[in-house]
Amino acid sequence: MSPYRTHYSKELNQDSDGKEVVVAGWVEDIRNLGSIAFIILRDRQGTLQITTFKKEHPEVFKKLVSLSRESVISVRGICRANEKVRNGYEIIPKDVEILSRAETPLPMGIVDKVNVEMDTRLDNRFLDLRREEVRAIFLIRDKIIDSAREFLRKEGFIEVHTPKIISSASEGGTNLFRIKYFERDAFLAQSPQLYKQMLMATGFDRVYEIGWYFRAEEHNTRRHLNESTAIDVEMAFIENEEDVMKILERMILHICRKIEGMEELSRLGIEITAPSLPLPRIRYDEAIDMIRKKGLEIEWGSDLGSDEERAVGDVMKERGVSFYFITKYPLDAKPFYTMPEGNLSRSFDLFCNGIEIASGSQRIHDHDLLEKRLREDGLDPDDFKAYLKAFRYGMPPHGGFGMGIERLVMSLLNLKNIRECILFPRDRNRLTP
RNA sequence: GCCCCGGUGGUGUAGCGGUUAUCAUACGGGCCUGUCGAGCCCGUGACUCGGGUUCAAAUCCCGACCGGGGCGCCA
């Protein structure tokens, strides 16, 4: 037990009534009425009230009312039940220790009644995170990751970590960050794709990685980051992509069940209902029909743009569905390692409320076909030698998916900006903090 | 990469050729024994930078810098 605290704010109850307790935290507000003052103290659980009387403890009173907001203090005093206080208990202080005095004025208000812009919030993220509703996002995020891990372990997946410093363009498609690797150039990985596939040639059979994606795209939108996190899954000896989708949808269900009762959700005004399985599977062809019925023009074969994805999302929303798959994309719309099926592919994207949150497929496991597809995609097999080698000495049929963690958090919690979902976002302009 | 938009006290805003530059909140001081968005009184505090137009620029024009957003791409 910390010498600075015997109780958190929510731990005060009948047992503490009349007893001496020690509480600690940040001074959220001071309401000085002259002879009596109320100090609102915040800790990780919430807030509590310290009530001090000038007549009874003039020294303690003076010390408390002269504090600046957001200073850190530890207070020893008697806990007293009092109906007049919002959470039923107040502390009558005997001693106050000032652990850290906050400068004034604050760069942004924690509980002020003025709006603060995202940019100012991110510049002062440590202050922003003192707000309960902001912390709630990360408590839910923590639970999401914890549940995903719990599910995958139970399903026999092992957690792996693959390199983030790589030698060359791994999949094409996106721009990579170039870095110096001693005397050579290297890149930051856009995804663990090639490595998790190589692991399918080892006998691990089922792996997952919770890691980073780095993408050097100069996009500047509410749903893109240049550094994002993802849950990547790869599994061997599958019959087709349906086996992968089953794991993914069951993982989503498990996550929803684990978070649906969290009190942090109500703090955000969100309700989550676990979806029923199986999730709807909409073939690309059907999606095209839906989009055309909505009055948008789209050519068969092209990937779905934002408007098109939104159109499908709207139709599903009308049907009361938040999670759904779009499957069997045209081969040309998917990366080279995707298993062909005629001019289509054994691929799928998972959407939540109209936002793409995951993408996966059965992969090609035949070396020669893979090399052919690389070439057709305009890539040079020589750049992929180490990867291709894993396909020459026994590679089982396999598939997997990558799910963006920020995307999932954003769509589940109905947040308007993906930067809300990551502690210290990296975007086109932001490199600090 | 393409295209829109914006920069006014610590924070969030109003003003859009001539104002003592609006309001809120924060901050500093004062009054107040039950506050909980405490209240009341007083005070400090701002036009991103550089050119230009004009009798006069926060306001109009050009450029720079810094942001926000959309598209493409994707998680």
Side-chain angles (χ1 to χ4, degrees), chain A residues 28-41 47-56 61 65-66 68-70 80 82-88 90 92 102-124 127-128 171-175 190-193 210-232 302-310 333-335 349-352 355-360 401-411 416-419 421-422 427-430:
Chain A
E28 186 166 287
D29 199 10
I30 299 165
R31 289 191 274 274
N32 181 2
L33 275 65
S35 302
I36 183 173
F38 306 98
I39 286 82
I40 308 302
L41 192 73
T47 57
L48 58 83
Q49 177 168 295
I50 294 156
T51 306
T52 177
F53 300 89
K54 195 186 219 166
K55 244 192 268 176
E56 291 170 26
F61 183 93
V65 300
S66 61
S68 51
R69 296 208 299 179
E70 296 303 319
R80 203 169 70 177
N82 190 335
E83 284 175 4
K84 283 183 238 172
V85 186
R86 189 175 284 160
N87 53 350
E90 61 187 349
I92 313 299
E103 289 178 29
T104 60
L106 297 164
M108 60 171 276
I110 310 299
V111 289
D112 300 351
K113 313 101 200 155
V114 287
N115 183 39
V116 186
E117 290 207 334
M118 178 69 72
D119 205 43
T120 308
R121 290 176 49 202
L122 293 176
D123 280 341
N124 303 282
L127 283 174
D128 187 44
E171 312 173 29
T174 197
N175 289 315
Q190 68 176 102
S191 92
Q193 181 60 33
I210 299 179
W212 302 99
Y213 286 12
F214 300 96
R215 300 194 172 172
E217 292 293 332
E218 299 202 20
H219 36 47
N220 193 203
T221 82
R222 295 180 295 178
R223 11 173 250 293
H224 290 91
L225 294 166
N226 293 291
E227 183 183 63
S228 71
T229 59
I231 300 175
D232 262 278
S302 61
D303 206 359
L304 308 182
S306 299
D307 288 345
E308 288 82 31
E309 287 182 355
R310 212 168 299 130
K334 288 290 170 187
D349 286 350
L350 175 66
F351 291 81
C352 174
I355 298 171
E356 182 184 343
I357 60 168
S359 179
F401 64 84
M403 182 174 77
I405 294 172
E406 290 80 24
R407 283 283 180 91
L408 176 64
V409 174
M410 179 184 181
S411 54
K416 299 284 174 286
N417 194 321
I418 199 161
R419 282 166 266 231
C421 307
I422 188 162
D427 62 30
R428 182 65 187 85
N429 297 306
R430 183 170 290 280

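Just so it is clear: chains get the letters A, B, ... in the order the sequence lines come, proteins before strands, and each one is counted from 1. Computed from a predicted model, the values in this text were never measured in an experiment.
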Q: Contact class for A/Arg430 vs. all strands (heavy atom < 4.0 Å): base, sugar-phosphate, or nothing?
A: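 The answer is nothing, as A/Arg430 stays clear of every strand by at least 4.0 Å.
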Q: With heavy atoms under 4.0 Å as the rule, sort A/Glu227 into base, sugar-phosphate or nothing.
A: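 Nothing, no nucleic acid heavy atom in range.
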Q: Could you work out the separation of B/G12 and B/C27 based on their P atoms and round it to a whole Å?
A: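 Nearest-Å result for B/G12 against B/C27 at atom P: 16 Å.
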Q: Who is the Watson-Crick or G-U wobble partner of B/G63, with both distances under 3.5 Å?
A: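 Pairing partner: B/C49.
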Q: Can you tell me how far P in B/U22 sits from the matching atom in B/G15, rounded to whole Å?
A: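 Taking atom P in both B/U22 and B/G15, they lie 14 Å apart.
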Q: For B/U13, which nucleotide is its Watson-Crick or G-U wobble mate, given both distances must be under 3.5 Å?
A: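 In the structure as shown, B/U13 has no Watson-Crick or wobble partner.
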Q: Given that both distances must come in under 3.5 Å, which nucleotide forms a Watson-Crick or G-U wobble pair with B/C71?
A: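 Per the H-bond distance test, B/G1.
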Q: Heavy-atom distance under 4.5 Å between the side chains of A/Arg310 and A/Asp307, does that happen here?
A: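 A side-chain contact under 4.5 Å exists here.
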Q: In whole Å, measure the gap between the C1' atoms of B/A26 and B/G45 for me.
A: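 Going atom to atom, C1' in each nucleotide, I get 11 Å.
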Q: Please report the distance separating the P of B/C23 from the corresponding atom of B/C41, rounded so that it comes out in whole Å.
A: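 Going atom to atom, P in each nucleotide, I get 14 Å.
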Q: Give none if B/A38 has no partner; otherwise give the nucleotide forming a Watson-Crick or G-U wobble pair with it, both distances under 3.5 Å.
A: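 Across all strands, not a single nucleotide pairs with B/A38.
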Q: By nearest atom, which of the nucleotides B/G10, B/A75, B/A38 is closest to the A/Asp29 side chain?
A: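 Side chain of A/Asp29 sits closest to B/A38.
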Q: Would you mind telling me which of B/G69, B/C74, B/A38 lies closest to the side-chain atoms of A/Glu309?
A: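 The closest nucleotide is B/C74.
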Q: Measuring only the P atom in each nucleotide, how far is B/A58 from B/U8? A whole number of Å is fine.
A: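 Rounded to whole Å, the distance is 15 Å.
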Q: Taking atom C1' in both B/C60 and B/C47, what distance in whole Å separates the two?
A: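 One C1' to the other, the span is 16 Å.
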Q: Pairing donors with acceptors under 3.5 angstrom, does anything connect the side chains of A/Thr51 and A/Arg80?
A: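 Looking only at side-chain atoms, A/Arg80 and A/Thr51 do not form any donor-acceptor pair under 3.5 Å.
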Q: Can you tell me how far C1' in B/G37 sits from the matching atom in B/G1, rounded to whole Å?
A: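 Between the two C1' atoms, the distance is 47 Å.
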Q: Tell me which nucleotide among B/A26, B/G34, B/A75 gets nearest to the side chain of A/Arg69.
A: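 When the side chain of A/Arg69 is considered, B/A26 is the closest of B/A26, B/G34, B/A75.
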Q: Side-chain contact test, heavy atoms from C-beta onward, threshold under 4.5 Å: evaluate it for A/Glu70 versus A/Thr104 and give yes or no.
A: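 Not touching, per the 4.5 Å side-chain cut-off.
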Q: Contact class for A/Lys54 vs. all strands (heavy atom < 4.0 Å): base, sugar-phosphate, or nothing?
A: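 Since no nucleic acid heavy atom lies under 4.0 Å of A/Lys54, the category is nothing.
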Q: A/Arg215 has a side chain; which of B/U33, B/C73, B/A75 sits nearest to it?
A: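 Ranking B/U33, B/C73, B/A75 by closest atom to the A/Arg215 side chain puts B/A75 first.
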Q: Give a yes/no answer on whether the side chain of A/Ser306 brings an N or O atom under 4.0 Å of OP1 or OP2 in B/G72.
A: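 Yes.
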Q: What are the residues of residues 115-124 of chain A, sorted by number, that bring a heavy atom to within less than 4.0 Å of RNA chain B?
A: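 By residue number: A/Asn115, A/Val116, A/Glu117, A/Asp119, A/Thr120.
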Q: Say you pick atom P in B/C71 and the same atom in B/A56; how far apart are they, in whole Å?
A: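 45 Å, rounded to whole Å.
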